[in-house]
Student: 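First, the structure itself, so that you have it in front of you.
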2 protein chains.
Amino acid sequence: MTTSTPRRRDAEETRRRLLEAARRRFSEDGYAATTVRDIADDAGVNVALINRYFASKEGLFEACLRHAGEELRRSAGDVPLAGIAGRIAEQMTGAAEVPAQLSLLLRTSGDERADEIRRAVLLSSAEKIAAAAGRPDSDRTLLRAELLLATTIGLALLRWTTPIEPLASAGADDLAEPLGDVVEALLGAR
Amino acid sequence: MTTSTPRRRDAEETRRRLLEAARRRFSEDGYAATTVRDIADDAGVNVALINRYFASKEGLFEACLRHAGEELRRSAGDVPLAGIAGRIAEQMTGAAEVPAQLSLLLRTSGDERADEIRRAVLLSSAEKIAAAAGRPDSDRTLLRAELLLATTIGLALLRWTTPIEPLASAGADDLAEPLGDVVEALLGAR
DNA sequence: GAGACAAGTAAACAATTGCTGACTTCACCG
DNA sequence: CGGTGAAGTCAGCAATTGTTTACTTGTCTC
């Protein structure tokens with residue numbers, strides 16, 4: 001076996017802990033408001049190791065964005081158009097993992113590369129939605145898919161970052177119905 | 001006449017200039033990433049005056065939020081349900097004043113009072129939309145109104161903060177149609 | 001015009017920021 | 001077992017942060 005006893009010195013493990021702590025901090029407090037010492041303390045790791053493993057605070061942030069992108073892409077899966085609303089409703093009300101990744105993805109850092117990653121992830125999500133719609137006229141469809149993405153993003157914000165009632169405590173069932181209407185209106189047949 | 005010669009010392013004027021500079025900086029860069037020196041320089045004003053007129057950086061931010069709230073409430077006006085989509089489309093593609101206020105409103109600062117203001121403005125906006133729908137079952141309607149608000153917020157983000165094509169350069173006409181569908185789906189009769 | 005008070009300035013403060021370099025300690029291999 | 005390189009520590013750096021304090025300058029009134 002490879003991971004028998006938990007080694008007291010494990011580069012891979014500390015890297016992972018740093019990433020996890022950073023994701024939570026960046027997601028909750030934003031980039032500028034988060035200090036590398038906060039992250040290191042949360043991870044139970046020395047501050048200097050951030051620079052060793054990620055070169056800089058910005059490097060760590062970019063790694064977080066990449067992770068969030070993969071996570072979102074994975075969680076999206078391949079869902080037919082009819083199932084999209086329910087999927088969004090589930091993930092918004094579920095373990096709060098997806099909203100967290102989403103809110104992380106929306107945090108700005110002033111870093112150019114971070115912006116690039118952000119844009120790429122968002123655009124690819126929209127394209128995935130558009131593909132599920134299976135329509136011609138790809139440009140109009142893509143715009144409508146991006147509007148659905150906008151709804152999802154706004155939903156995450158109004159539940160996670162600045163909770164507003166009754167939306168904040170609505171269950172998956174409460175959300176699925178109106179979200180279904182939106183999906184139908186934006187991308188439904190005809 | 002009251003404003004004959006532009007006085008070189010005018011508390012009201014410098015207050016105004018500070019607020020304007022702060023709104024732009026906070027809106028574009030976020031709270032934590034903006035320094036009081038940035039704001040003061042933009043306003044062409046001494047840094048210490050921020051603390052004199054607004055007590056603290058947080059005080060200045062709260063003043064900005066209040067201003068954004070009034071501005072948004074004013075720009076919303078009283079629009080019948082059928083006109084909402086067009087109104088949103090206009091303001092998103094117009095002078096970029098409204099998206100700027102919106103993105104300012106969504107910036108977090110860790111300040112408790114700021115959160116309170118934010119929440120109040122957002123909730124009152126949602127209530128205004130719900131009222132325009134003129135439906136019974138106020139709770140379900142309010143949730144649907146908040147979903148439309150979520151769409152608007154996400155739209156502002158995907159045009160202003162992290163521009164995504166083709167949504168970012170879509171004109172008012174391009175937006176009005178799909179937005180109309182969303183409004184109809186969420187709050188339309190039946 | 002002189003005095004008085006508000007408006008604006010300059011400098012410095014204590015704290016915090018991201019980051020670095022020299023050091024120590026552990027784990028593994030021959 | 002011993003040494004060798006990676007993993008982790010420590011202290012401190014230079015820069016920047018929000019804020020305050022003591023000061024100067026403008027402007028209005030009597």
Side-chain angles (χ1 to χ4, degrees), chain A residues 1-22 25-26 28-65 107-114, chain B residues 1-22 25-26 28-65 107-114:
Chain A
M1 54 207 74
T2 51
T3 54
S4 48
T5 43
R7 282 184 302 173
R8 291 172 54 193
R9 291 193 165 190
D10 186 336
E12 212 53 47
E13 170 68 8
T14 53
R15 237 187 98 98
R16 206 191 49 77
R17 297 177 69 152
L18 278 176
L19 260 175
E20 185 185 327
R25 281 282 184 176
F26 285 144
E28 291 183 6
D29 304 335
Y31 178 80
T34 299
T35 75
V36 291
R37 285 176 175 83
D38 286 339
I39 297 171
D41 287 353
D42 286 0
V45 151
N46 192 284
V47 204
L49 296 181
I50 289 180
N51 299 96
R52 185 199 283 279
Y53 292 133
F54 300 95
S56 65
K57 184 188 179 186
E58 279 191 355
L60 176 55
F61 183 65
E62 289 166 20
C64 290
L65 281 191
R107 297 294 192 169
T108 61
S109 68
D111 178 22
E112 198 58 46
R113 248 168 323 190
Chain B
M1 54 207 77
T2 52
T3 54
S4 49
T5 43
R7 282 183 301 174
R8 290 174 54 194
R9 292 194 164 189
D10 187 336
E12 212 53 46
E13 171 68 8
T14 52
R15 236 187 98 97
R16 206 190 50 75
R17 296 177 70 152
L18 278 176
L19 260 173
E20 186 185 326
R25 281 282 183 177
F26 284 144
E28 291 184 6
D29 304 335
Y31 178 81
T34 299
T35 75
V36 290
R37 285 175 175 83
D38 286 338
I39 298 171
D41 288 352
D42 286 359
V45 151
N46 192 285
V47 203
L49 297 181
I50 289 181
N51 298 93
R52 187 201 280 281
Y53 292 133
F54 299 95
S56 66
K57 184 189 180 186
E58 278 191 355
L60 176 55
F61 184 64
E62 289 166 19
C64 290
L65 281 192
R107 298 293 191 171
T108 60
S109 68
D111 179 20
E112 198 58 47
R113 249 169 322 190

Student: What's the CD-C1' distance between B:Glu12 and C:dG8, to the nearest Å?
Tutor: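 After rounding, the reported distance stands at 16 Å.
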Student: Between A:Tyr31 and A:Glu58, what is the shortest heavy-atom contact and its length?
Tutor: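 Closest pair (atom of A:Tyr31, atom of A:Glu58, distance): OH-CG, 3.1 Å.
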Student: Using whole Å, report how far CG of B:Asp29 lies from P of D:dT17.
Tutor: 12 Å
Student: Tell me what B:Phe54 touches on the nucleic acid: a base, only sugar-phosphate, or nothing, going by heavy atoms under 4.0 Å.
Tutor: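 Since no nucleic acid heavy atom lies under 4.0 Å of B:Phe54, the category is nothing.
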Student: Would B:Arg16 and B:Glu12 pass as an ion pair if we require N to O under 4.0 Å?
Tutor: no
Student: If only side-chain N and O atoms of B:Thr14 are considered, is one of them under 4.0 Å from the OP1 or OP2 phosphate oxygen of C:dG8?
Tutor: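 Answer is yes, contact under 4.0 Å.
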Student: Starting at atom CG of B:Leu18, determine the distance to atom P of C:dG8, rounded to an integer number of angstrom.
Tutor: 9 Å
Student: Do B:Phe54 and B:Leu18 have side-chain heavy atoms sitting under 4.5 Å apart?
Tutor: yes
Student: Counting side-chain heavy atoms from C-beta on, which of D:dC10, D:dT27, C:dA10 comes nearest to A:Ala48?
Tutor: D:dC10
Student: Considering heavy-atom distances to DNA chain C, does A:Lys57 or B:Tyr53 have its closest nucleotide positioned more toward the 5' end?
Tutor: B:Tyr53
Student: Which nucleotide wins on minimum distance to the side chain of A:Thr35, given the candidates D:dG18, D:dA7, C:dT17?
Tutor: C:dT17
Student: Once you round it to whole Å, what is the distance between C1' of C:dA7 and CD1 of B:Ile50?
Tutor: 15 Å
Student: Just the rounded figure in Å: distance from C1' of D:dT27 to CG of B:Asp10.
Tutor: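 After rounding, the reported distance stands at 12 Å.
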Student: Which heavy atom of A:Thr34 sits nearest a heavy atom of A:Lys57, and at what distance?
Tutor: O-NZ, 2.8 Å
Student: B:Val47 near the nucleic acid: base, sugar-phosphate alone, or nothing, with a heavy-atom cut-off under 4.0 Å?
Tutor: base
Student: Which nucleotide in the set D:dA6, D:dT9, C:dT9 lies at the smallest distance from any side-chain heavy atom of A:Asn46?
Tutor: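 Selected nucleotide: D:dT9.
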Student: Going from CZ on B:Arg15 to CD1 on B:Ile50, what distance comes out if it is rounded to the nearest 0.5 angstrom?
Tutor: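 Answer for the CZ-CD1 pair, B:Arg15 versus B:Ile50, is 12.0 Å.
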Student: Round to a whole Å and report the spacing from CZ of A:Arg52 to P of D:dA6.
Tutor: 9 Å
Student: Do the side chain of A:Arg37 and the base of C:dT16 come within less than 3.5 angstrom through a donor-acceptor pair of N or O atoms?
Tutor: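 Side chain to base: no pair present.
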Student: Take atom CG of A:Leu49 and atom C1' of D:dA7, then tell me their distance rounded to the nearest Å.
Tutor: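 A:Leu49 atom CG is separated from D:dA7 atom C1' by 7 Å.
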Student: Measure CG/A:Asn51 against P/C:dA22 and give the value in whole Å, please.
Tutor: 16 Å
